[in-house]
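One structure below.
First the proteins, then the strands, lettered A, B, ... as listed; each starts at 1.
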2 protein chains.
Amino acid sequence: MAIQRTAPITSCAACPAGRAAGVTSGGRCPFVDRRRRRDELVCLQGEPAATVWMIKRGTVVLSRTAADGTDRPHQLRGPGSFVGLEAVVQGTYADTARATEPSVLCGISRLDLDRWLGPAGSPSRMVLEQTLRATVDEPVRPAGVDGPAVQRVARWLLDELERAPRVQRRVLAALLGMTPETLSRALARLGETGAIEHGRQRLAIVDRARLEQMVA
Amino acid sequence: MAIQRTAPITSCAACPAGRAAGVTSGGRCPFVDRRRRRDELVCLQGEPAATVWMIKRGTVVLSRTAADGTDRPHQLRGPGSFVGLEAVVQGTYADTARATEPSVLCGISRLDLDRWLGPAGSPSRMVLEQTLRATVDEPVRPAGVDGPAVQRVARWLLDELERAPRVQRRVLAALLGMTPETLSRALARLGETGAIEHGRQRLAIVDRARLEQMVA
DNA sequence: CGCCCTGTTGACAAAGGTCAACTAGCGTGG
DNA sequence: CCACGCTAGTTGACCTTTGTCAACAGGGCG
């Protein structure tokens with residue numbers, strides 16, 4: 001499952017969008033490739049939602065500005081996920097999205113997507129729209145707050161590190177719903193046990209079994 | 001927006017599902033009404049996902065069993081939302097769902113839904129399925145942990161109380177990502193300021209303006 | 001070479017979790 | 001109909017965890 005989520009989509013024939021567009025039987029996919037460098041912007045919260053993307057390769061971090069004006073990362077998206085899909089039900093982007101590593105996204109204009117999705121009142125579109133509406137209305141849920149910081153960090157490392165091996169500490173801390181200081185301390189403890197290696201730049205699992213003990 | 005979410009769906013002509021099924025032009029909706037009493041089960045995590053529901057009236061609380069075996073409520077769903085939609089992409093229910101008040105749900109069997117949604121490879125279905133897959137994979141995010149307990153409670157009361165006026169304290173506490181004790185203390189403080197009235201049974205906003213001050 | 005940014009470490013304070021005792025409300029059974 | 005006992009909720013005392021503030025350090029870049 002975790003592997004599935006990480007696996008890049010390398011061809012249109014292997015891409016859900018490509019297949020739905022019928023590229024395997026001579027169709028043409030309405031999505032076009034766009035590349036993003038590390039930390040490059042994909043879309044900006046509040047801007048008119050002109051384009052919707054599907055991630056083919058890489059990872060994108062979604063963030064939303066909180067009440068105090070700060071921008072809080074709250075979710076990571078990988079290959080197969082859409083970015084900006086809320087365009088189907090509302091006019092502006094709900095989140096700011098940024099690539100965490102060199103990424104390939106397939107973009108489609110809102111209007112083209114609208115056309116491509118088929119008639120507005122169809123059952124599958126209705127279900128999609130209701131689902132999107134529900135998630136857009138739902139307040140942002142910062143992070144999985146469950147158990148002490150060390151465990152949360154360990155779990156994230158096990159589940160998600162390969163998706164985003166080079167996230168900034170401040171971003172990771174926000175994703176985990178803690179401060180950079182607390183994250184730093186948690187990493188230090190995990191390092192002491194020999195489960196991971198971490199320099200300022202590096203962050204790697206060296207003893208997966210030991211790390212798994214920490215989450216139990 | 002908050003009002004929208006609370007408004008019950010009183011007729012098939014006003015129901016997204018009914019409209020998609022074309023009841024306004026003589027069509028027949030494949031969903032059928034089912035009632036649930038307060039606290040009655042809708043579906044059980046891990047069971048084969050035989051039926052999918054759309055909420056027409058009332059509120060449903062979703063919960064998932066945590067690593068330690070306890071069952072943790074994590075989300076509230078209201079009219080227009082689906083329950084058990086993960087059936088489209090996986091065989092078992094991801095969450096346990098329970099009505100928090102007398103509710104009306106429209107149910108459809110998984111197979112009928114599959115048929116009703118139209119051809120499996122269509123664009124809108126693909127987008128729906130990818131969206132569902134992403135949310136199913138995503139770990140549960142307990143609650144909006146943002147600011148001190150009193151503020152979180154105040155915000156919830158303002159935004160959601162009308163959706164679920166009679167939730168149990170333990171459930172509400174879990175939704176807010178805190179213990180029942182902390183919730184109780186927060187309610188006590190809000191009561192002292194005169195913003196709300198709360199007995200063991202009752203929970204009501206008496207001074208909305210004052211409550212809004214508390215979240216700022 | 002030095003500056004700047006990001007991350008790390010330390011000391012302290014405060015919020016919230018935990019454990020325990022207590023109470024209100026409700027259903028049950030005599 | 002009343003007493004009893006159960007469960008959910010409340011309140012208090014204490015303690016752990018995490019956030020906050022501040023000082024410091026490594027690495028990259030001008």
**Asked** Does CZ belonging to A/Arg170 count more than 12 external heavy atoms closer than 6.0 Å?
**Response** no
**Request:** Using whole Å, report how far CZ of B/Arg166 lies from C1' of C/dG25.
**Result:** 13 Å
**Prompt:** Has B/Arg200 got a side-chain N or O lying under 4.0 Å from the OP1 or OP2 atom of C/dT23?
**Reply:** no
**Asked** Starting at CZ of A/Arg169 and ending at P of D/dG26, how long is that distance when rounded to a whole Å?
**Response** 15 Å
**Prompt:** Roughly, in whole Å, what's the span from CZ in B/Arg152 to C1' in C/dG16?
**Reply:** 9 Å
**Request:** Please check if the side chain of B/Glu197 supplies one atom and the backbone of B/Ala204 the other of a donor-acceptor pair under 3.5 Å.
**Result:** no
**Request:** Round to a whole Å and report the spacing from CD of B/Gln168 to P of C/dC26.
**Result:** 13 Å
**Request:** Give a yes/no on whether any side-chain N or O of B/Thr179 is located under 4.0 angstrom from OP1 or OP2 of C/dG17.
**Result:** yes
**Message:** Checking contacts here: which listed nucleotide (D/dT10, C/dT9, C/dG16) is nearest the side-chain heavy atoms of B/Pro148?
**Reply:** C/dG16
**Request:** Kindly say if B/Thr182 contacts the phosphate of C/dG17, meaning a side-chain N or O under 4.0 Å from OP1 or OP2.
**Result:** yes
**Request:** Send over the distance from A/Arg189 CZ to D/dT16 C1', rounded to a whole Å.
**Result:** 11 Å
**Message:** Whether the side chain of B/Arg210 engages the backbone of B/Leu190 through a donor-acceptor N/O pair (distance < 3.5 Å, no angle test) should be reported.
**Reply:** no
**Fill in**
So CG of A/Leu172 and CG of A/Leu157: to nearest 0.5 Å the spacing works out to 7.0 Å
**Asked** What is the distance from CD1 of A/Ile196 to C1' of C/dT8, rounded to the nearest Å?
**Response** 13 Å
**Request:** Could you tell me whether the side chain of A/Arg64 and the main chain of A/Asp95 form a donor-acceptor pair under 3.5 Å?
**Result:** no
If you restrict it to nitrogen or oxygen atoms, what contacts under 3.5 Å exist between nucleotides 21-23 of chain D and the protein, and what is each distance?
{"from": "D/dC21", "atom 1": "N4", "to": "A/Glu181", "atom 2": "OE2", "distance (Å)": "3.2"}

**Request:** Round to the nearest Å and state the distance from A/Leu172 atom CG to C/dT6 atom C1'.
**Result:** 14 Å
**Prompt:** Tell me: CG of B/Asp39 to C1' of D/dA8, nearest whole Å?
**Reply:** 12 Å
**Request:** Look only at the side chain of A/Thr131 and the backbone of A/Val127, and say whether a donor-acceptor pair between them is shorter than 3.5 Å.
**Result:** yes
**Prompt:** Atom CD in A/Gln130, atom OG1 in A/Thr135: separation rounded to 0.5 Å?
**Reply:** 11.0 Å
